[in-house]
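The analysis underlying the following values was restricted to heavy atoms, covering all of them including side chains, and did not include hydrogens, waters or symmetry mates. Lettering of chains follows the sequences in order, A, B, ..., and the numbering in each one begins at 1. Just so it is clear, the model here is predicted, and its values are computed rather than measured.
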Amino acid sequence: MTQYKSTLLRLLEERGYIHQLTDAEGLDKLASEGVVPGYIGFDPTAPSLHVGSMVQIMLLRRLQQAGHKPIVLMGGGTGKIGDPSFKDDARKLMTVDTIASNVASIRTVFERFLTFGDGPTDAVMVDNADWLDKLEYIPFLREVGQHFSVNRMLSFDSVKQRLDREQSLSFLEFNYMILQAYDFRELSERLGCRLQMGGSDQWGNIVNGIELTRRMDGKEVFGVTTPLLTTADGAKMGKTMNGAVWLNEDALPAYDFWQYWRNADDRDVGRFLRLFTDLPLDEIARLEALEGSEINAAKVVLANEVTKLVRGEDAARAAESTAAATFAGGGLGDDLPTLDVEGGEISIIDALIGLGFAGSRGEAKRLVAGGGARVDGVAVTNDSHAITLNGNEIRVSSGKKKHGVLRSR
RNA sequence: GGACAGGUGGCCGAGUGGUUAAAGGCAGCAGACUGUAAAUCUGCCCGCGCAAGCGUACGCUAGUUCGAAUCUAGCCCUGUCCA
């Protein structure tokens with residue numbers, strides 16, 4: 001199992017992407033013989049994907065790096081249903097318009113990770129609404145439905161958990177796994193797709209797709225899942241401070257994105273470097289071996305590399321220099337949130353709200369009362385404090401990490 | 001259609017007439033310690049207000065009561081079992 005012949009599996013193995021494989025030997029053989037088209041599905045539940053989806057995106061990138069063809073499947077059709085997997089409650093149904101606009105917005109991110117085009121190993125993007133929307137119920141039941149055993153479906157974790165917890169699972173959601181399986185089969189027909197990848201929670205769906213493809217067409221296809229990514233302290237990746245860590249620029253400023261990686265847990269640095277950057281493994285080994293506070297250097301590299309990939313070179317450089325100026329120098333950087341102040345004076349409360357460090361006046365006051373608010377590095381404990389700018393830029397901070405700039409206008 | 005159980009703050013979960021803006025936990029924010037790390041300890045954690053206070057809030061609606069998350073009725077939703 002350890003020694004793969006194919007570049008693909010070796011690459012995935014050594015960088016930590018593999019959790020489960022459906023047929024390691026078969027896939028290894030296939031991948032060493034020629035181009036393997038492989039896909040991963042993404043649900044358009046929001047206008048942007050977040051860091052939690054990044055393993056999958058990187059997986060497609062690795063696929064292309066290893067000389068194969070990545071297929072990005074947008075779940076424009078399945079998104080109308082919602083994955084029941086492990087959710088506590090039924091997802092609210094999204095309107096068709098929302099889905100369409102989410103699909104369009106998510107699309108842009110992939111261009112940074114993959115090379116699209118018409119060549120044999122160029123990436124393509126497809127939307128399962130293209131075929132799912134047109135399905136006719138009776139023909140679909142006859143062709144596809146006959147291959148599914150309800151007994152079996154009930155035994156899948158995604159469904160079982162919902163039932164065990166005595167939570168409702170609508171028939172609509174129950175169908176999700178069938179449609180997902182159908183996607184694989186459809187992609188195998190349309191694009192000769194041989195491989196589906198996904199998070200470990202997708203295992204059941206992937207296996208279903210493989211079986212359906214075999215039963216309907218007698219074709220052999222494969223599946224790979226990635227480990228469920230959590231941070232070292234056990235939290236799901238991609239949810240922090242002010243919510244999710246979005247990939248799209250308009251959903252999260254590059255500086256905040258950079259900071260997310262800069263603040264990674266020590267124990268995660270090596271793993272993240274392998275998964276989310278293209279740095280060579282020996283370089284990563286050197287970085288993750290750094291001890292104590294030296295590891296901070298590795299975190300900067302991590303932040304730079306990931307930001308470069310997701311947001312571009314310029315964004316990464318700007319974020320780094322802002323961070324350096326703000327933290328090391330105690331100064332200001334261009335990327336910090338900025339508030340234009342009229343009239344040369346503003347109350348500390350309004351400044352904190354204006355910079356987005358507090359969501360309400362009460363919250364701002366509590367922050368001040370708790371000693372977390374600083375003006376030019378000096379703690380302010382009086383919530384009626386007024387800041388006078390005198391034409392200068394003033395630095396306002398919430399805690400030690402969140403900094404912003406007041407500028408007079 | 002019937003019987004039973006249930007719907008509480010971002011989540012989990014106590015609370016069964018006033019002392020309940022609602023125990024506890026998780027998540028989050030801040031402070032101390034540090035390395036913009038982890039762990040630990042401390043404070044905060046519906047909104048407005050300097051405050052007294054006011055406004056909202058316990059599925060929805062209408063009641064009973066001086067007073068309801070707590071009682072009554074109807075409705076909606078969920079689960080389990082029965083038809």
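Remark: P of B:rC29 and CG of A:Leu352 are 15 Å apart, rounded to the nearest angstrom. Residue A:Leu302 contributes atom CG, which lies 21 Å from atom P of B:rG35 at whole-angstrom precision. Counting to the nearest Å, the P atom of B:rG47 and the CD1 atom of A:Ile353 are 11 Å from each other. Across the protein-nucleic acid pair, A:Ile349 atom CD1 and B:rG49 atom P stand 9 Å apart, rounded to whole Å. The CG atom of A:Asn304 sits 17 Å away from the P atom of B:rU36 (whole-angstrom rounding). We find that CD of A:Gln259 is positioned 14 Å from C1' of B:rG35, with the value rounded to whole Å. For A:Phe357 and B:rC45, the CZ to P distance is 21 Å, given to the nearest whole Å. Rounding to whole angstrom units, CG of residue A:Leu367 and P of B:rG31 are separated by 8 Å.
Separating the C1' atom of B:rU65 from that of B:rC46 is a span of 28 Å, rounded to the nearest Å. Nucleotides B:rC75 and B:rG1 have their P atoms positioned 11 Å apart, rounded to a whole Å. Rounded to the nearest Å, the gap between the C1' atom of B:rG79 and that of B:rA73 is 24 Å. Comparing the same atom, P, in B:rU8 and in B:rA23 gives a spacing of 16 Å after rounding to whole Å. Taking the C1' atom of each, B:rA38 and B:rU70 are spaced 44 Å apart, rounded to whole Å. Between the C1' atoms of B:rU36 and B:rA30, the separation comes to 15 Å (whole Å). Nucleotides B:rG47 and B:rC11 place their P atoms 16 Å apart, quoted to the nearest Å. Distance noted for atom C1' between B:rA21 and B:rU56: 10 Å (whole Å).
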Would you tabulate the pairs of protein nitrogen or oxygen atoms and nucleotide nitrogen or oxygen atoms of nucleotides 37-41 of chain B closer than 3.5 angstrom?
unit_1 : atom_1 : unit_2   : atom_2 : d
B:rA37 : OP1    : A:Lys401 : NZ     : 3.0
B:rA37 : O4'    : A:Lys299 : NZ     : 3.2
B:rA37 : O2'    : A:Asp266 : N      : 3.4
B:rA37 : N3     : A:Asp266 : OD2    : 3.3
B:rA38 : O2'    : A:Arg267 : NH2    : 3.3

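Using a 4.0 Å heavy-atom distance criterion, A:Ser384 is classed as making no nucleic acid contact. Counting any heavy atom pair closer than 4.0 Å across all strands shown, A:Gly399 reaches sugar-phosphate atoms only and no base atom.
Residues meeting the side-chain hydrogen bond (donor to acceptor under 3.5 Å, both in side chains) test with A:Glu283, sequence neighbours left out: A:Arg286.
The shortest distance between the side-chain N/O atoms of A:Arg366 and the OP1/OP2 oxygens of B:rC29 is not below 4.0 Å. OP1 or OP2 of B:rA32 lies within a sub-4.0 Å distance of a side-chain N or O belonging to A:Lys400. OP1 or OP2 of B:rC29 has not a single side-chain nitrogen or oxygen of A:Ser398 nearer than 4.0 Å.
Look at A:Lys299 and A:Asp265 and you find no salt bridge, because none of the NZ, NE, NH1 or NH2 atoms lies under 4.0 Å from a carboxylate O. A salt bridge does not link A:Arg10 to A:Glu14: none of the charged side-chain nitrogens sits closer than 4.0 Å to a carboxylate oxygen. A salt bridge links A:Arg152 to A:Glu211: at least one charged side-chain nitrogen sits closer than 4.0 Å to a carboxylate oxygen. Salt-bridge formation is detected for the pair A:Glu305/A:Lys308: a Lys NZ or Arg NE/NH1/NH2 atom is positioned less than 4.0 Å from an Asp or Glu carboxylate oxygen.
The side-chain tip of A:Arg311 points at the ring of A:Phe257 from less than 6.0 angstrom away and within 45° of straight on.
Mapped onto RNA chain B by nearest heavy atom, A:Trp258 and A:Gly362 fall at different nucleotides, with A:Trp258 at the one closer to the 5' end. Along RNA chain B, the nucleotide nearest A:Ser293 and the nucleotide nearest A:Arg374 are compared for position; the residue whose nucleotide lies closer to the 5' end is A:Arg374.
Across all strands shown, the partner of B:rC81 is B:rG2, judged by Watson-Crick or G-U wobble contacts whose two distances both fall under 3.5 Å. Both distances falling under 3.5 Å, in either a Watson-Crick or a G-U wobble arrangement, place B:rU40 opposite B:rA32. Shown here, B:rA27 forms no base pair; nothing in the strands shown gives a Watson-Crick or G-U wobble contact with both key distances under 3.5 Å. B:rC54 is paired with B:rG47 under the Watson-Crick or G-U wobble criterion, all donor-acceptor distances under 3.5 Å. When Watson-Crick and G-U wobble pairs are counted only if both distances are under 3.5 Å, B:rA14 pairs with no nucleotide at all. Remark: B:rU72 base-pairs with B:rA62; criterion is Watson-Crick or G-U wobble with both hydrogen-bond distances under 3.5 Å.
Looking at A:Asn296 and A:Ser293, their side chains never bring a donor and an acceptor atom within 3.5 Å of each other.
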Apply side chain to side chain contact (heavy atoms under 4.5 Å, CB included) to A:Gln180 and A:Asn128, showing your working.
CA-CA 9 Å; A:Gln180 245 227 236; A:Asn128 63 11; over 6 Å; no
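No side-chain heavy atom of A:Val368 sits less than 4.5 Å from a side-chain heavy atom of A:His385.
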